[in-house]
Structures are given as structure tokens and as C-alpha cells.
Enquirer: 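Sharing a structure, written as C-alpha cells. Questions coming.
Residue numbers begin at 1 in each chain, while the letters A, B, ... track the order of the sequences.
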Amino acid sequence: MVLSRLDEARQAIRQRILAKLDALGFRGLDDLVSLEVPTEKERGDLTTSFALKAASRVKLAPRELLARLEGFADGLDSVERVEVAGPGFLNVTLRTAWLAEVVRDILGRPDTYGNATVGQGRRVLLEYVSANPTGPMVIVSGRAAAVGDTLARVMSAVGYQVWREFYVNDAGGQIATLGHALALRLRELDGEEVESTWPEGVYPGAYIKDLARAYRAEHPEVRGESVTAADYPALGAWAAERIRAGHEATLREFRVTFDRWFSERALRASGAPEKILQRLRERGYLVERDGALWFTATRFGDDKDRVMVKSDGSLTYFVPDAAYHADKFDRGFDYVIDLLGPDHHGYVQRIRAVVEALGYPADRLEVLIIQLVRLLRGKELVRMSKRGGTFVALEDLIEEAGIDPARFFLLERAPETPMDFDLNLAKLKGPDNPVYYVQYVGARIHSVLRQWREMKAPEVPVDLALLREPEERELLMLLARFPEVLIRVAEERAPQHLAKFMTELAGAFHAFYRQHRILDQAPELRQARLALAQAVLAVNIRGLSLMGIEQPEVM
RNA sequence: GCGCCCGUAGCUCAGUGGAUAGAGCGCCUGACUACGAAUCAGGAGGUCUGAGGUUCAAAUCCUCACGGGCGCACCA
């Protein structure tokens, strides 16, 4: 199947090379013949180094091998010229007029250009963010949200069926702790002084005070002093649901939505964790030691065995987690992808081990660690501490930086790379932000189109062969590459490539726009350049929308 | 100590075994009587942390060292 005009050329050239090699008696070189877009423009549009790779196998010097391929591309209407360069590279230059037809390809399907079927309809469950409902989301959650959301959008575009899920840890000890914190804040509302005796490990954040006021408004009869430890889980559950709803609202504002908010509490209530224990026991992967029940994770490559049932009889978080993953596989997903935070390094082996122990295909479970976002104010490192109650919330980032700049910034870097985030935000808010550079392309084109409509110039048929300037060619090539950028983003789970591409496309357009004029040209050239500009606009809008970023018509 | 991630320009970061390693910011020099200057053109700035190895070819793969981050609970 043909992905794009560029891909069509690539496949045709490859076939010709292989056919010629075959005629020369060289077979089995299929894997070596691939055509890449070179970094340097002087090296043509597509380049291959197969001759260098095949040299030892065919016992021919690379350039000698290439010499025997002479004329392989004759009659291909996509190819302008073929050159042998350096120690044995083959550089192919495409015919500009042929390449220019990409504009027609795009304008024929502006909203779906770049879509593909490489996903083959396979079902993917993407779990991301899954922030604990015990406090505000921090910036790394925003990073996971932006990355997960963009992966979901791009993977859908290239033919996967993507289901988005947020796992809510609304059960367990931390919820009781949250209830404890709420109880103390209720006492505080009743006039009690609680700060000096605040227990270690109980969330001190100011947001709990707001929750306490909300709770008081809903339940005016509940006095702080009458609350006991037995009430903590219920109080905590109430608070967790409030916080979770807040997360949902914040994420929706950030243009991130989920198909399902998967509740740990509901999972526990269903009895699924006990069934998991039963299955592990039947398979012989549970042992009793020190009064607790352990999963023999070391048999599956983990560092140590893991406690499943504590000596007090309660479950560790790991049992519902295992049950959750079993549930994912039971629902028939072909791929299960978890985007986890930087504090989960040790967790990857563990969850993989239990998935394998339960008999699921562990190679279909993919865990991506979204790396830490270090916060700086100027040169100074901002220490984040949930315990100390000092941290910068995702909400603050959205408000201060704006959604578009924040999303673009978070998507520019490889997710597994730790990144620094300067809270001075001058770059984020100001015109130097790269997202404005990209959005400005659309604003400029919209402006040109408005003026063209006012001109009421007669329309003439579009002759794309008139697009011959180097700046135009650069744009044509980038437009032709867009579909494979999306595939790369999806397959490598690497959204930064899309951000990079959008910046390159914007740079090429700005360069074209400063150099050449569109409207005050002969009608034929004007029409061709308008078509080019519209195609650039379509890809600009599409790329930005896949990043969850808007394309304003005026800025 | 063990594990995972990372180390590329002054800063923040891209980089698919391939040819002369890129972008943005910052710095310097230029460009609007101009479809939008939130722009463009040009310049300075690099022992790709180091040492070995594999390869015709290494920033990229392997090993070791060094530096940084994060993990290593009967917390989640």
C-alpha cells in the first residue's frame, strides 16, 4: 500500500534497483536496499547506501556495483536524475513537477492527509497520567498528559484503535491518610490548633483546607472531634472523588480526555484482586514467608519477590495493579501501553513479571517512563515536595504559560529524557516561543487568503509545475514527508518528531514567504502558489491538531 | 551497593550505523514605502563526557570508567 507520493517514489525506485540486481544475478539483498531522505539537500531527495553494505557479499567495490545498475531508473516519471557519490552512495533527485502534485494530494483530502493504515486496526490501550487523587497534579503529569494524548491522536491517525484510560488509585492506605488529613482540617475549622501536632506523613497541603470547607458545607452535622480513624477511609474516598473530578476538569481544559477512568476501588469491590491471588496460587507463584504472601517475581527476572498480602491480611497496591493489567488483557487489547512517572523505574520489571506469571503475552505490554521535569526559577532549582506542600501544579502552568505553549514545550523533548522547565516562563509567554513561530504560518496564510478573496481575481486552472523555486521545492518535499513523520511518531512513541517537523515546515514557509510573493503575480503562478500555501496550511493545522494545539486565524 | 534513564554549542534540546553533527534561546551584523518583522538573510560558538572495541563507516551498537537524575517498602 502506498503511503504518500514520496513513498510511492521510494517503492518504485527500490523495485527497479532490486529488479536490476536480480538481472545481474545478485539476490537476497532486499533488506539492504532502503531509501532515506538525506540531511544535505545537495545529496538529492532520496539516498541509499546499499552498495556499501552489499559490497562484501557481492564481492564488488561499491561504486563498481552501482556502475552496473546504470539506467535502472529510466522511464520512471518520478525521477529526475541519479548520481553516484562519495564511497558508494546512490543519490536520487525527484522531478519537481512530479513532486509538486503532492499539493493536489493534500487539497483533495486536507483533513485526512497523513492518515495511514499501518496500525491495521489493532487495538491499543494507552494508560497515562493516572495521578493519585490525593493532591493536585504536578507538571510531570502534564508531560504525561501531553505525550499520551498526542500518541493517542497520532496512533489513531495511522490506523490503530486507541482506547485511553486513567487509573485512579482511589483505595488503599493513601486514601485513609487523605481522610486523616481532611479530619484534621475539619477540627481546624472547629477552632482547634492542629499545625503543631501535625502527624508525619499526613498531607499538609493547603488544598485540604478547601476540601474541608466543601465537606462542611455538604455535611454540616459532622464535627471534627467526633471523627475517628475508622471514618478515615470514607472521608478519604469522598475527598479522592472531589480531587479526581478536579483532575478531570483540569485535563479537559488541557484538551486531554479519557475513554474511561478506571477506579481501583471498583476493581477491589469486584473481587478481581482475590481472583488474581487465586490464579497465582494455582500456578505456584505464591509463597508464604514472614507471615505474608509473596509473589515469586524473581522467577520472572525481577530483583526480588513482592509482597501481595501483608501480614495484617490487607492487600498491597500490587494486587489490584496486577488485576488491572489482567483486566486490560482480558478485554482483548493487542497492545497495552503504560506511560508511567519517573518514580516507577523499579515497577516495570515487577508488573511485567506478574503479567507473564498470569500467562499473558508480556511482550505486548510496553512501559514508557516519562522522565522528570526539573523546575527552575531562573538558575535556581525549585524543590518539589508534596510532603512539604510546596509544588507547582499543572493548573498553575496552564494558567501562566497558556495551553498551546505548554503543550508544545512538553512535546518537544523525548519523553524519556529528563527536562528542565524554567518557571520564569518568559520564553513560554513571549513571542520567542516556538509554538508562535509555527502558528504564525497559519495566520499569515489565512491573511493572504483573505486578501485574495477580496481581490476577486479570476481563477485559472492550477498548474503545479510552475512551482520551481528552491524555497517552493523545500516546502513540497516537507509536505511529502508528513505522512511518514506521523508513522514514525506512532511506531517509536516519539512525539518530539512531530514538533520538530512542524518547526521545520514553519521555517521553510517563512523563508519562502519573505523571498517570494503570492498575490501580485501572473494569474497562473498566483494560483499555483495559493494552492501551495493552502496545502501548507492544511498540514500546519493537521499537525498542530494532532499535538492538541490550536491554529488561530489571526494572532 | 544494585537497577533504569540521561550526558551533543554559553543555555534548553533534536539527531533513522553513512558523507562537512543540527534547531531554538542568548550574542554579533544586516533586511520593511513590502500579501502580517511573532519574520527573513548572514556570523561567531562543538576533542558529541572519557577510554577501548565491533564496522568499509559510530554521536548512534558493545564493554569499562567518570558525571548527573530517578528508583531500590509488608507506601502507591
Enquirer: Expressed in angstrom and rounded to an integer, what is the separation of A:E412 atom CD from B:rG15 atom P?
Expert: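 These atoms are roughly 12 Å apart.
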Enquirer: Which residues in residues 307-319 of chain A have a heavy atom closer than 4.0 Å to any atom of RNA chain B?
Expert: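 By residue number: A:V307, A:K310, A:S311, A:T316, A:Y317.
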Enquirer: Enumerate donor-acceptor pairs with a distance under 3.5 Å from any side-chain N or O in residues 522-529 of chain A to protein atoms, sequence neighbours excluded.
Expert:
residue : atom : partner : partner atom : Å
A:R526  : NH1  : A:L519  : O            : 2.9
A:R526  : NH1  : A:Q521  : O            : 3.4
A:Q527  : OE1  : A:V460  : N            : 3.3
A:R529  : NE   : A:E472  : OE2          : 2.6
A:R529  : NH1  : A:R517  : O            : 2.8
A:R529  : NH2  : A:E472  : OE2          : 3.1

Enquirer: Map every base of RNA chain B to its dot-bracket character, where paired means a Watson-Crick or G-U wobble contact with both distances under 3.5 Å and | marks a partner outside the strand.
Expert: (((((((..((((....[...)))).(((((.......))))).....(((((..]....))))))))))))....
Enquirer: For A:D170, check salt bridge (Lys or Arg N to Asp or Glu O under 4.0 Å) against everything at least two apart and list the hits.
Expert: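 Checked A:D170 against salt bridge (Lys or Arg N to Asp or Glu O under 4.0 Å); zero matches.
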Enquirer: For A:T47 and for A:L372, locate the closest nucleotide of RNA chain B by heavy-atom distance; then report the residue assigned to the nucleotide nearer the 5' terminus.
Expert: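 Closer to the 5' end of RNA chain B: A:T47.
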Enquirer: Counting side-chain heavy atoms from CB outward, which of B:rG15, B:rC6, B:rC35 is closest to A:R488?
Expert: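 For the A:R488 side chain, the nearest candidate turns out to be B:rG15.
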Enquirer: Looking at A:R10 and A:L35, would you say the former's side chain and the latter's main chain have a donor-acceptor pair under 3.5 Å?
Expert: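 Yes; at least one donor-acceptor contact below 3.5 Å.
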Enquirer: Does A:N91 get its side chain close enough to the base of B:rA19, under 3.5 Å, for a donor-acceptor pair?
Expert: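 Side chain to base: pair present.
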Enquirer: Tell me every residue that passes ring pair (Phe, Tyr, Trp, His ring centres under 6.0 Å) with A:F512, counting only those two or more places apart in sequence or in another chain.
Expert: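 So A:F512 forms a ring pair (Phe, Tyr, Trp, His ring centres under 6.0 Å) with A:F509, A:H516.
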Enquirer: For B:rG42 and B:rC25, measure between their P atoms and round to the nearest Å.
Expert: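 About 15 Å, rounded to a whole number of Å.
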Enquirer: Can a cation-pi geometry be assigned to A:R413 and A:F409, taking NZ or CZ under 6.0 Å from the six-membered ring centre and within 45° of the ring axis?
Expert: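 Yes, A:R413 sits over the ring of A:F409.
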Enquirer: Roughly how far apart, to the nearest Å, are B:rC48 and B:rG22 at atom C1'?
Expert: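 That atom pair is separated by 12 Å.
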Enquirer: Could you tell me how far B:rU49 sits from B:rG68 if I compare only their P atoms? Round to whole Å.
Expert: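 It comes out at 16 Å once rounded to the nearest Å.
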Enquirer: Any chance you could list the contact pattern along nucleotides 37-46 of chain B? Use B for base contacts, S for sugar-phosphate-only contacts and - for none, protein heavy atoms under 4.0 Å, 5' to 3'.
Expert: BBBSS-----
